[in-house]
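The first residue of the sequence shown is numbered 1, and numbering continues consecutively from there.
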Amino acid sequence: MSTRTTEAENASTASVPSNGRPASPAKTKSKKATRQKPAKVAGGADELANAPELANALADAPAIASACENAAPTPMSDENWKRLRKKVESHANTMSAKHVFGKSAIGGTVYRWGVATALGSAIDPVRMSLSQLACDQKPMRRRSTRPLDLVSATTEMIAQLDHGDMSALSCQDAVVWAAAMPLLSKQLEPTLWWELLGSLQRFRELVLESHSPDSPAHLIVGAELGLTLAWRLAELPSCKRAQKSAIEALAQWCDHEEDAIPNALAKGTIARLVLGSIMRCQAIMKSTTKKKFHKSWHAVGDQMATWVAAMTTHHGTSALSPLSRKDVKDDLGKTGLLEHAIAFDPETLRPATEAALGLGHTGGRLAWEVCLPESFLHNEDAKLAIMLPDWDVRRGRTHLHYAGEHNQLEIFAGRTQIIAGQVQTSIEINGTQQSATGDWGLVCEYTDDDVHYIEIEQDWTGGVVLQRQLMLIRSDRTLLLADGVLPKDRQEPGALSQKIRYSTRIPVASGVSPELEKETREVYLCAGQRSAVVMPMSASEWRIGPTTTKLSASEDEHLVWTAEGTGALYVPLWFDLQQRRFKRKRTWRQLTVGDERRICEHHEAAGFRVQVGSEQWMIYRSLGGRRCRTVLGKHLIADFFAAKFDPGEGIYDELVTVDDAEHMDDESES
């Protein structure tokens with residue numbers, strides 16, 4: 001049988017990761033250190049044969065420990081291997097996964113929290129089997145009689161670890177394999193088992209050296225993997241030593257919450273994975289260490305749990321994910337992620353989660369009787385916004401992820417998802433196709449009891465900027481989605497005479513069909529029944545009339561929104577999500593905007609009125625120059641203004657006003 005190097009031999013001189021690069025030297029520790037001291041790599045025969053004795057020596061006599069760690073590698077005997085297996089098995093029985101995690105360990109559920117959402121598909125048989133092994137249970141493959149090839153799976157995992165794939169999902173895989181090590185010792189050859197352990201420890205060392213403390217990898221690998229190795233393989237000194245550095249890694253990640261939480265939300269599909277790791281760290285610490293889970297760490301977990309609840313749809317799936325309820329079943333139920341996350345703040349998260357899942361409602365008097373989180377959640381660093389009329393699933397919701405070149409947008413009309421996917425925009429200037437020159441950035445945001453509002457922008461070639469507004473009127477259940485194409489510098493020669501052609505493709509959700517009104521230009525979105533009506537406010541209402549803006553449906557189930565103009569464009573879409581209004585008479589008009597007894601050009605400002613039955617709303621947008629203008633009898637000095645209009649009383653119920661005066665004053669002062 002082949003020999004393995006001792007942990008001392010691997011740790012001495014320069015530790016070399018599997019990618020061939022020498023490891024960085026250990027950093028000195030400080031209050032908020034950004035790197036951990038590398039963990040020593042597991043050995044083979046010497047550590048196996050002398051595990052208890054070596055552990056005592058390391059605790060009692062540094063000189064003896066040094067002598068042991070510098071011993072030459074020796075062959076690994078069957079007797080030593082059996083002895084270690086027996087000790088590992090005994091410890092696993094005493095400190096089992098069920099003892100640590102409770103009922104969520106049954107069937108390996110605890111190690112599948114958030115995995116399907118991060119994976120983007122149903123969990124595969126290998127991950128399913130490993131999660132069961134990690135919870136001290138034999139794999140149960142109900143739909144297959146073919147035994148799992150653990151040798152091939154282990155070899156592939158070693159290659160994955162040695163390759164250095166540090167995605168959140170790969171980090172989660174490493175944790176599950178580490179938790180499965182006690183049962184794997186019965187099913188793998190000693191040589192392969194030790195090779196896997198060495199790869200896990202080298203992988204952790206590499207993550208601690210290369211990743212900042214605010215990264216998801218630092219939490220999942222630096223903290224949870226270290227705690228898992230120390231818990232599951234406590235008989236091995238090299239694994240036991242990882243406990244201290246793992247707790248330090250957890251503390252560092254939580255201390256960097258201002259960056260750690262945005263990093264966990266930047267890819268919205270890994271939020272559940274990160275939350276699951278926090279909760280497992282908490283459970284392992286409680287059962288296997290003398291350290292307490294600090295209140296500040298608990299607060300970070302509460303923040304992540306609130307985000308996960310806000311991103312939860314009534315199917316139990318997550319925002320920005322195409323999965324079905326069946327795919328995410330491990331996150332649901334009494335042993336699921338969502339139920340356990342409620343423990344961070346039961347008073348708030350219980351009603352919020354149940355309302356999001358459709359298990360309870362928050363309307364009427366109940367809204368005053370329960371404590372709920374804010375219904376508008378936005379993280380500028382993660383570029384993720386969740387806009388809820390309220391937490392009750394029957395009221396609908398809007399999800400916006402504006403990282404990258406194109407926005408990811410999801411719009412729900414009640415329980416029905418009507419828009420889902422990537423919103424793609426193209427702009428032509430004087431016949432030449434333009435392109436985005438950067439990512440989207442926040443312009444402003446506003447929220448109160450009446451409205452949620454967010455405005456973002458993106459620079460383009462051709463000297464223009466694309467600005468996008470989303471305004472959700474909460475009680476009316478209407479959504480404004482508006483784009484503006486504006487010149488960066490209106491003083492630039494020719495800036496106000498250039499011809500602009502604009503086009504945006506908005507993806508319709510699966511199972512939803514666009515239905516065009518025959519005589520007018522609105523479009524119904526139908527899922528068995530009409531779920532929403534979309535009105536292109538800058539287009540002529542009647543199809544027989546001329547228009548510079550068009551809204552149509554493509555064969556590949558997209559709404560295609562096109563417009564033409566000179567100098568600047570403003571193209572708003574009005575989504576009515578309230579079914580009780582669909583049978584009422586409706587109309588919309590583009591309004592005249594006056595500026596000192598002069599009618600404004602389209603590149604200067606735009607005003608619109610929408611009427612459904614007796615309800616009316618007014619929208620005003622300035623496209624350049626901060627001036628006092630008049631629209632529908634209202635005098636305004638604002639960049640954007642929205643209100644509900646009462647024609648009987650002739651008054652405006654203001655919803656939101658955006659004025660760039662403060663921004664301009666700040667720039668002048670600087």
Side-chain angles (χ1 to χ4, degrees), residues 262-263 265-269 320 378-385 387 398-411 419-445 453-471 480-492 494-508 536 538 548-551 554 556 558-573 603 606 621-624 639-640 658 660 663:
N263 288 340
L265 298 174
K267 290 185 178 180
T269 53
L320 312 174
H378 175 227
N379 191 294
E380 184 179 354
D381 293 328
K383 299 185 178 181
L384 178 65
M387 306 167 71
T398 300
H399 307 141
L400 173 66
H401 193 214
Y402 57 98
E405 181 178 351
H406 302 292
N407 294 171
Q408 293 286 334
L409 181 64
E410 294 180 342
I411 301 174
I419 300 296
Q422 193 175 80
V423 179
Q424 297 179 323
T425 299
S426 64
I427 299 174
E428 287 185 14
I429 303 294
N430 295 329
T432 302
Q433 185 68 45
Q434 306 300 318
S435 60
T437 60
D439 293 336
W440 291 87
L442 178 68
V443 176
C444 65
E445 64 176 22
Y453 176 85
I454 185 170
E455 184 175 342
I456 57 178
E457 68 177 14
Q458 182 184 46
D459 287 336
W460 281 62
T461 57
V464 297
V465 60
L466 174 61
Q467 293 185 340
R468 179 163 293 161
Q469 300 164 293
L470 278 87
M471 179 182 69
L480 173 73
L481 171 62
D483 277 359
V485 182
L486 290 76
K488 295 180 184 177
D489 184 1
R490 295 180 65 87
Q491 306 305 319
E492 180 94 14
L496 300 181
S497 62
Q498 58 188 8
K499 303 296 182 181
I500 302 173
R501 294 187 64 183
Y502 161 94
S503 177
T504 287
R505 287 167 51 83
I506 304 173
V508 176
S538 56
T548 58
T549 302
K550 295 180 181 179
L551 180 64
S554 65
D556 60 348
H558 280 70
L559 294 179
V560 181
W561 184 21
T562 61
E564 296 181 3
T566 302
L569 277 179
Y570 184 64
V571 281
L573 287 182
H603 63 75
R621 173 66 195 264
S622 172
L623 300 179
D639 185 59
F640 176 76
V658 178
D660 61 359
H663 174 69

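Considering every non-hydrogen atom in both G438 and Q458, the closest pair reads O-NE2, 3.1 Å. The two residues T425 and T504 make their nearest non-hydrogen contact at OG1-OG1, 2.8 Å. Nearest heavy-atom pair across A403 and A382 is CB-O, 4.5 Å. Summarising the geometry of V443 relative to I456, their closest heavy-atom pair is CG2-C, 3.9 Å, with the distance given to 0.1 Å. Residues C444 and Y453 approach most closely at SG-CE2, 3.7 Å, considering heavy atoms. For the pair P487 and G567, the tightest heavy-atom approach, listed with the atom from each and the gap, is CD-O, 3.3 Å.
A heavy-atom distance below 4.5 Å is found between the side chains of I506 and I419. With contacts defined as side-chain heavy-atom distances shorter than 4.5 Å, the pair L320/E410 qualifies. In this structure, the side chains of I454 and L442 come closer than 4.5 Å at one or more pairs of heavy atoms. E455 is listed as a side-chain neighbour of Q467, based on a closest heavy-atom distance under 4.5 Å. Using a 4.5 Å heavy-atom cutoff, the side chains of L551 and V560 are not in contact. In this structure, M471 and L481 have side chains that are not in contact, with every pair of non-hydrogen atoms separated by 4.5 Å or more.
Remark: the H378 side chain and the E445 side chain contain an N/O donor-acceptor pair separated by less than 3.5 Å. Between the side chains of H401 and Q408, no donor-acceptor pair is found at a separation under 3.5 Å. For the residue pair E564/T548, the side-chain donor-acceptor check at 3.5 Å is not satisfied. Judged by distance alone, the side chains of T432 and N430 never bring a donor and an acceptor atom under 3.5 Å apart. In the model, R501 has no side-chain atom that pairs as donor or acceptor with a side-chain atom of S426 under 3.5 Å. One side chain, Q469 or Y570, offers a donor N or O that lies under 3.5 Å from an acceptor on the other. Using modelled atom types and a 3.5 Å distance limit, the side chains of T562 and S503 yield no donor-acceptor pair.
K383 contributes a side-chain N or O that, together with a main-chain N or O of W440, makes up a donor-acceptor pair within less than 3.5 Å. With hydrogens and angles ignored, the 3.5 Å screen pairs no side-chain donor or acceptor of T566 with any backbone N or O of S497. Between the side chain of N407 and the backbone N or O of L409 there is no donor-acceptor pair closer than 3.5 Å.
Taken to the nearest 0.5 Å, the CD atom of Q434 stands 8.5 Å off from the CD atom of E428. Atom CG of residue L569 and atom OG1 of residue T549 lie 7.5 Å apart, to the nearest 0.5 angstrom.
Between Y502 and W561, the ring planes are perpendicular. Angles over 60° get that label, and only those under 30° would be called parallel.
Around NZ of K488, the count of heavy atoms belonging to other residues, nucleotides or ligands within 6.0 Å exceeds 12.
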_Go through it in stages, so that I can follow the logic: the residues are T398 and L470, the test is side chain to side chain contact (heavy atoms under 4.5 Å, CB included), and I'd like the CA-CA distance, side-chain angles, deciding distance and then a yes or no._
CA-CA 9 Å; T398 300; L470 278 87; 4.0 Å; yes
_Verdict with supporting geometry, H399 and I411, side chain to side chain contact (heavy atoms under 4.5 Å, CB included)_ = CA-CA 7 Å; H399 307 141; I411 301 174; over 6 Å; no
*Would you check, one step at a time, whether the test side chain to side chain contact (heavy atoms under 4.5 Å, CB included) holds for L623 with R621?*
CA-CA 6 Å; L623 300 179; R621 173 66 195 264; 3.8 Å; yes
*Go through the steps to decide whether L559 and R505 satisfy the test side chain to side chain contact (heavy atoms under 4.5 Å, CB included), and finish with yes or no.*
CA-CA 6 Å; L559 294 179; R505 287 167 51 83; over 6 Å; no
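D489 meets the salt bridge (Lys or Arg N to Asp or Glu O under 4.0 Å) test with no other residue; sequence neighbours excluded.
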